[in-house]
Number of protein chains: 2
Amino acid sequence: MIRLSTKGRYGTRLMVNLARHHKNSNEPTILKNVSEEEGISIRYLEQIIIPLKINRLVKSIRGAGGGYILARKPTDIKICDILYALEGSCSLVECIEDETFCEKVKTCGTYEIWKGANDLLRGYFEKMTLQDALEICEKKIADAKKKTKVK
Amino acid sequence: MIRLSTKGRYGTRLMVNLARHHKNSNEPTILKNVSEEEGISIRYLEQIIIPLKINRLVKSIRGAGGGYILARKPTDIKICDILYALEGSCSLVECIEDETFCEKVKTCGTYEIWKGANDLLRGYFEKMTLQDALEICEKKIADAKKKTKVK
DNA sequence: AATATTTCAACATAAATTTATAGGAATTAT
DNA sequence: ATAATTCCTATAAATTTATGTTGAAATATT
Ligand code: FES
Ligand code: FES
């Protein structure tokens, strides 16, 4: 019904991936690795990371031995920041950010519905940080490992 | 960040429009009127209403004097039903409904984030009915009229 | 009963946007 | 110099958004 674009999905996975490497070492992470780990083509990742760089969520280091690192600590990056960078806005329908987008805002019978949903979502994504995502992710992987061991 | 498709937006406005006419008379509503009132091309409305008909949210009456009517009372139509009919699913990311959509679900660091957001949204749209939307809409229009009168 | 009118139904197609791949230039470490 | 890596530009494929054309069904009118 409401779709998170692949840019948003892939970009967030990219950020979580960088966060995991960030925790383990100070070395820049290369997209080739991200590509293999996440199963997303390098070429596409290259395009997706541009807005993340422009919005100063990641820093790039060029040349051999280069790669990408998070620009701030995972606790200081909100999921909302990531989605905003990737999608240019952070709303369910454009008329919420741009009042001129729909001509009929004043009589539109649905504006308030979307606004309510949007506020819910925004609250959720404002509270959640990359650190939260990282912890969920690590826990999940740890649990998965346990299970296979028990087997 | 997360976009409600125009199909979803237009389709819901179409349903609210039908609901308003439904309240005022038992006559079928023709798309030409909806088109003029909502500023959406008839041709596009014709396409959008097809899934609404298939999912039995509206009934069509052909021929002169025909048009469309709601298949059920506005209190019995959830916004979620409408979005489901229009988008074929009711989730933020496909992997929530279709586990095979993302290959890496088991190690994906973002699945739980989207799941949480999705549950929030779904709860919201499950609770809200066409009747709620109708009331919000009528109130809004009444308020708008008051304001212009005062002026 | 015949005809004209109204309206939905179906199909085709065009435009715009999103998704994805490709090639090579620029930069840096070794 | 060479290899590794980001950066930039182009373009292809798929999907979404929107319009156009014709036809079929039901109804109203005569
Ligand atoms: S004002 Fe934008 S959908 Fe109604
Ligand atoms: S499992 Fe679908 S986005 Fe991660």
Side-chain angles (χ1 to χ4, degrees), chain A residues 1-14 17-18 21 26-36 38-54 56-71 83 86-89 93-94 101-103, chain B residues 1-14 18 21 27-36 38-54 56-71 83 86-89 93-94 101-103:
Chain A
M1 76 172 156
I2 279 150
R3 243 189 45 235
L4 182 60
S5 74
T6 59
K7 230 173 160 180
R9 274 193 299 125
Y10 290 174
T12 309
R13 274 167 69 188
L14 170 55
N17 193 293
L18 290 185
H21 287 136
N26 294 321
E27 304 278 297
T29 308
I30 62 176
L31 289 188
K32 186 162 170 285
N33 286 351
V34 179
S35 169
E36 279 162 11
E38 303 291 339
I40 306 167
S41 99
I42 297 188
R43 298 303 185 177
Y44 202 18
L45 284 175
E46 282 177 346
Q47 281 180 62
I48 288 169
I49 210 165
I50 293 171
L52 294 173
K53 203 178 48 175
I54 292 173
R56 307 200 184 178
L57 297 177
V58 303
K59 280 181 194 160
S60 67
I61 296 157
R62 300 185 69 167
Y68 292 94
I69 54 171
L70 292 181
L83 294 175
L86 290 165
E87 314 269 353
S89 84
V93 291
E94 297 211 29
F101 183 77
C102 287
E103 286 176 24
Chain B
M1 72 171 159
I2 278 149
R3 240 188 51 233
L4 182 60
S5 75
T6 60
K7 229 173 162 181
R9 272 194 300 125
Y10 289 175
T12 309
R13 273 167 69 188
L14 170 55
L18 291 184
H21 287 136
E27 304 279 297
T29 308
I30 61 177
L31 289 187
K32 187 162 170 284
N33 287 351
V34 179
S35 169
E36 279 162 10
E38 303 291 338
I40 305 167
S41 101
I42 297 187
R43 301 303 183 181
Y44 202 18
L45 284 175
E46 282 178 346
Q47 282 180 62
I48 288 168
I49 210 166
I50 293 172
L52 293 173
K53 203 178 49 176
I54 293 173
R56 306 199 185 180
L57 298 177
V58 304
K59 279 182 195 161
S60 67
I61 296 157
R62 302 182 70 161
Y68 291 94
I69 54 171
L70 292 182
L83 294 176
L86 290 165
E87 314 270 353
S89 84
V93 291
E94 297 211 31
F101 183 75
C102 286
E103 287 176 24

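Here is the naming used below: chain letters follow the sequence lines, and residue numbers restart at 1 for every chain.
- Taking atom CD1 of residue A:I42 and atom P of nucleotide C:dA22, one finds them 12 Å apart after rounding to whole Å.
- Along DNA chain C, the nucleotide nearest to A:K7 and the one nearest to A:G65 differ in position, and the one closer to the 5' end is contacted by A:K7.
- In this entry the distance linking CG of B:N33 with C1' of C:dC8 reads 15 Å, nearest Å.
- Defined by atom type and a distance below 3.5 Å, a donor-acceptor pair is missing between the side-chain atoms of A:Y10 and A:S5.
- In this entry the distance linking CZ of B:R43 with C1' of C:dA9 reads 11 Å, nearest Å.
- At whole-Å resolution of the value, CD in A:Q47 and C1' in C:dG23 are 13 Å apart.
- The CD1 atom of A:I61 sits 12 Å away from the C1' atom of C:dA29 (whole-angstrom rounding).
- Atom CG of B:L31 is separated from atom C1' of C:dT7 by 9 Å (rounded to the nearest Å).
- Between the side chain of B:R13 and the backbone N or O of B:E38, at least one donor-acceptor pair lies under 3.5 Å.
- Between the C1' atom of C:dA10 and the CD atom of B:E46 lies a distance of 10 Å, rounded to the nearest Å.
- Taken from CD in B:E46 to OG in B:S41, the straight-line distance is 8.0 Å, to the nearest 0.5 Å.
- The side-chain heavy atoms of A:I69 and A:T29, taken from C-beta on, include no pair separated by under 4.5 Å.
- First and last contacts of DNA chain D with chain B, using any nucleotide atom under 4.0 Å from a protein heavy atom and ordered 5' to 3', fall at D:dT17 to D:dT27.
- At the heavy-atom level, A:K59 lies nowhere under 4.0 Å from the strands shown.
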Using side chain to side chain contact (heavy atoms under 4.5 Å, CB included), reason through B:I61 and B:Y68 one step at a time and then give a plain yes or no. CA-CA 6 Å; B:I61 296 157; B:Y68 291 94; over 6 Å; no

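- The shortest side-chain heavy-atom distance between A:L70 and A:L57 does not fall under the 4.5 Å cut-off.
- Put simply, the side chain of B:S35 never gets that close to the backbone of B:L31: no donor and acceptor are under 3.5 Å apart.
- Nucleic acid contact class of A:I49 (heavy atoms, under 4.0 Å, all strands): none.
- Residue A:I50 contributes atom CD1, which lies 16 Å from atom P of C:dA20 at whole-angstrom precision.
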